[in-house]
Amino acid sequence: MGRWKWFSTRLSTRPRGKARDESCVPREARRQAGQPPAQAGQAARQRDTLSDYCIGRPAPPLLDMDVLVDMAIRNEPRERERDELERHVDTVDTFSDELELLEPSGLASRFVQSLRNGGVLHPQSYWHLAWLLLVSACFVYNCVAIPLRSTFPYQTPDNWLRWFLCDLACDAVYLLDLVLVKPHVIFVYDGFWVREKHLTRKHYFAKWQFKMDIMSLVPLDALYVTYGTHQVLLRLPRLLRIQTFWELFDHLDSLLMSPYLVRVARTLSYMMYLVHLNACGYYAFSAREGLGANSWTFKGGEGNAYIRCFYFATKTATSVGKNPRPETEGEYLFMTCSWLMGVFVFALLIGQIRDIVATASRTRTEHRKRLDETLEHMRSLSLPDHVQRRVQSWFTFADQHQPFDEARILNSLPQKLKTDVALDVHGTTLAKVHLFQKIADQALIRDLVLKLRSCLYLPGDYICRKNEVGKEMYIVKTGQVEVLAPNNGEVLATLSEGCVFGEISLLALAGGNRRTADVRSKGFSNLFVLSKNDLHETLVYYPDAQKILKQKAEALMKENAERERRESRLLLRRSPTTSLEETTTCSEPDTDAAATDGDGGELQESIASLPRHHHHNHVKISRRSRRGRRPPPWRRRRPRLRTRPPSRRPRPRRTPGSG
Ligand SMILES: Nc1ncnc2c1ncn2[C@@H]1O[C@@H]2COP(=O)(O)O[C@H]2[C@H]1O
């Protein structure tokens with residue numbers, strides 16, 4: 001019913017969405033624009049009322065409260081409720097509005113921002129947190145000072161004014177909190193932030209906390225006039241602000257890096273407070289029986305009374321050290337209560353600390369367990385030592401650099417949030433990827449980011465080998481990888497953060513799906529792996545990206561081809577005969593294959609680029625090798641007579657390699 005009370009009040013505000021768009025044009029303006037006057041009937045009346053509201057006049061309630069209550073009682077479907085709310089209430093914030101309220105810019109700008117936001121506060125904003133801290137400080141002051149001043153003789157007629165002024169300051173903070181702050185804290189209704197002031201006010205007033213806050217401000221201390229200023233217990237209602245104190249810890253819990261510390265601090269503060277109460281109780285009890293009346297009571301006189309009583313209370317609560325023996329029933333009861341309280345608080349504290357330690361070391365313990373299991377398994381298989389050492393080394397590196405299973409953690413989040421988190425985490429690396437820089441399409445990165453899998457490689461690990469079937473493409477996240485020339489292992493390129501490789505085989509540009517080079521991890525490297533299917537699924541929607549990736553791959557292939565050509569030329573220059581024979585023997589059986597995969601073309605080109613006599617040699621040798629043996633003597637032609645003088649004929653040059 002309470003929920004419906006404030007819900008109905010919201011219906012008197014301006015509309016949003018479609019309804020607002022239509023109605024936000026003032027009536028006069030519509031008339032001038034030649035539109036028909038508002039029609040009779042409920043809908044027209046509503047529109048006019050709403051438009052009046054939009055131009056600044058207060059609007060009367062649009063729907064009858066009774067209708068709404070009736071709706072609630074009849075339990076109308078939820079859509080109806082939402083429709084009504086959406087049509088009539090302008091309380092829905094977008095996510096960016098929320099961020100605006102949380103914006104952690106400078107202090108002054110944040111203050112201006114909060115004023116611009118109509119003086120409402122986001123419950124998780126820094127302003128609200130700071131305010132909670134102040135109110136909680138006042139609450140703690142009351143918690144400590146009230147029992148202290150009402151038991152120990154620390155408030156005297158000389159200093160009562162100072163105490164009184166402190167009390168007044170705290171009461172002023174309580175009052176400001178009640179009147180100005182709490183009623184303006186925005187809240188979520190039906191998944192949307194409600195930030196209209198009168199609604200936030202209503203929301204607060206409907207809460208149980210509001211009643212507690214009002215009670216905490218009951219000015220019982222006015223009775224000082226009758227009973228005297230030493231009756232500090234009259235301020236006991238101030239302790240009803242405990243909800244604010246809890247709220248502060250809840251906020252800190254979600255804001256701070258280590259929520260465990262907050263939880264321990266909270267339990268410790270309870271413990272300290274109980275000891276404080278015990279110390280006050282001990283002094284009050286001793287004072288009632290007479291200070292130093294027996295061996296159990298507080299003696300008084302020497303030193304600081306509070307510190308001594310606190311010491312006694314701590315000893316009792318922790319059951320550490322020797323406590324004086326109680327003598328009267330009252331003293332026995334007091335000691336029993338103190339011990340029980342001590343046991344309870346310590347059990348709580350120890351349990352909490354155990355949980356904290358277990359949670360903090362859980363990841364490490366799990367990692368250790370996995371490593372032990374793996375090593376044990378490898379030992380049972382009698383794997384060679386160096387393999388075991390590599391596995392161990394991988395575990396150590398993974399523990400240091402990837403202690404959390406990111407995919408598993410993100411899995412519990414909704415898709416949108418998962419993408420946002422992944423973008424935040426990997427944004428720096430992805431921003432360096434040339435492909436994404438060129439496309440500048442956030443949608444592509446968003447589509448890809450969740451498909452990327454993180455993978456660690458050890459120094460010297462081959463990420464892919466030439467002629468393997470390519471199933472994945474890689475982006476370097478951290479570390480460096482080397483692309484090696486297939487023949488001589490020469491380092492063709494060293495790729496670092498943001499570089500992409502492994503795309504040629506995935507795009508089948510080299511005429512097949514085989515890798516064109518070896519790629520090796522230089523040190524420890526962390527790579528993003530993208531499967532072939534995921535790449536193709538994504539590229540279907542981003543033809544520009546596909547084009548760029550293709551262009552890059554083609555440029556690489558061209559570069560590789562040119563390099564190979566250069567190399568073979570160099571090789572031929574060094575030892576033409578041997579290398580030609582080698583070339584021929586390698587290339588001949590593969591003529592068909594070479595034609596399909598393009599290698600044949602390269603060979604022909606390299607032959608064409610040879611000096612003429614090398615070309616001849618090549619053809620001669622080829623023919624011979626095609627026949628396989630010398631022709632029979634009857635088929636051998638006699639050599640023709642030379643027509644030109646031998647001196648003018650080009651003679652093959654002698655090279656050292658040709659013998
Ligand atoms: N010369 C080169 N420079 C840089 N990278 C290369 C070079 N040659 C090949 N690569 C990359 O190494 C990868 C090996 O696998 P792919 O053939 O699928 O794709 C290849 C290219 O991404």
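Ligands are counted one by one from 1 in listed order, and the atoms in each one are counted from 1 as well.
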Item to check | Point-to-point distance, once rounded to the nearest 0.5 Å, from CG of Leu448 to CG of Leu423 | outcome: 10.5 Å
Checklist entry - Under a 4.0 Å heavy-atom limit, does Val519 contact ligand 1 with its side chain, its backbone, both, or neither? => result side chain
Item to check | Heavy atom of the protein closest to atom 15 (O) of ligand 1 (residue, atom name, distance) | outcome: Arg515 CD, 3.1 Å
Checklist entry - Hey, is ligand 1 close enough to Lys552 that some N/O pair sits below 3.5 Å? => result no
Checklist entry - What do the steps show when you test Trp127 against His122 for ring-ring contact (aromatic ring centres under 6.0 Å, His included), and what is the final call? => result CA-CA 8 Å; Trp127 277 107; His122 193 289; over 10 Å; no
Item to check | Lys/Arg N to Asp/Glu carboxylate O, Lys451 vs Asp447, below 4.0 Å | outcome: no
Checklist entry - Does Glu472 come within less than 4.0 Å of Arg453, counting only side-chain N to carboxylate O? => result yes
Checklist entry - Would you say the side-chain atoms of Thr516 and Lys466 include a donor-acceptor pair closer than 3.5 Å? => result no
Checklist entry - Do any nitrogen or oxygen atoms of Leu495 come within less than 3.5 Å of a nitrogen or oxygen of ligand 1? => result no
Checklist entry - Which heavy atom of the protein is the closest neighbour of atom 13 (C) of ligand 1, given with residue, atom name and distance? => result Gly502 N, 3.7 Å
Next on the checklist: Return the closest protein heavy atom for atom 10 (N) of ligand 1 as residue, atom name and distance.
Outcome noted: Val483 CG1, 3.7 Å
Checklist entry - Which ligand 1 atoms does Ala493 reach within 4.0 Å, using its non-hydrogen atoms? => result 3 (N), 4 (C)
Item to check | Where ligand 1 meets Glu559 - atom numbers and elements under 4.0 angstrom, heavy-atom basis | outcome: 1 (N)
Item to check | Glu554/Lys550 salt bridge by N-O under 4.0 Å criterion | outcome: no
Item to check | Per-atom contacts of ligand 1 with Ser505, taking only distances under 4.0 Å to non-hydrogen atoms | outcome: 16 (P), 17 (O), 18 (O)
Item to check | For atom 14 (C) of ligand 1, closest protein heavy-atom neighbour | outcome: Ala517 O, 3.7 Å
Checklist entry - What protein heavy atom sits nearest atom 1 (N) of ligand 1, and how far off is it? => result Asn560 OD1, 2.9 Å
Checklist entry - Looking only at N/O atoms, are Glu503 and ligand 1 under 3.5 Å apart anywhere? => result yes
Next on the checklist: Out of all atoms in ligand 1, which are within 4.0 Å of some heavy atom of Phe501? Include the element for each.
Outcome noted: 22 (O)
Checklist entry - Taking Tyr457 for the side chain and Arg520 for the main chain, is one N or O donor matched with an acceptor at less than 3.5 Å? => result no
Item to check | Atom pair CG/CG of Leu507 and Leu535 - distance to nearest 0.5 Å | outcome: 6.5 Å
Checklist entry - Between Thr494, Val481, Val491, which is the residue that forms a side chain to side chain contact (heavy atoms under 4.5 Å, CB included) with Lys522? => result Thr494
Checklist entry - Looking at atom 3 (N) of ligand 1, what's its closest protein heavy atom, distance included? => result Leu556 CD2, 3.3 Å
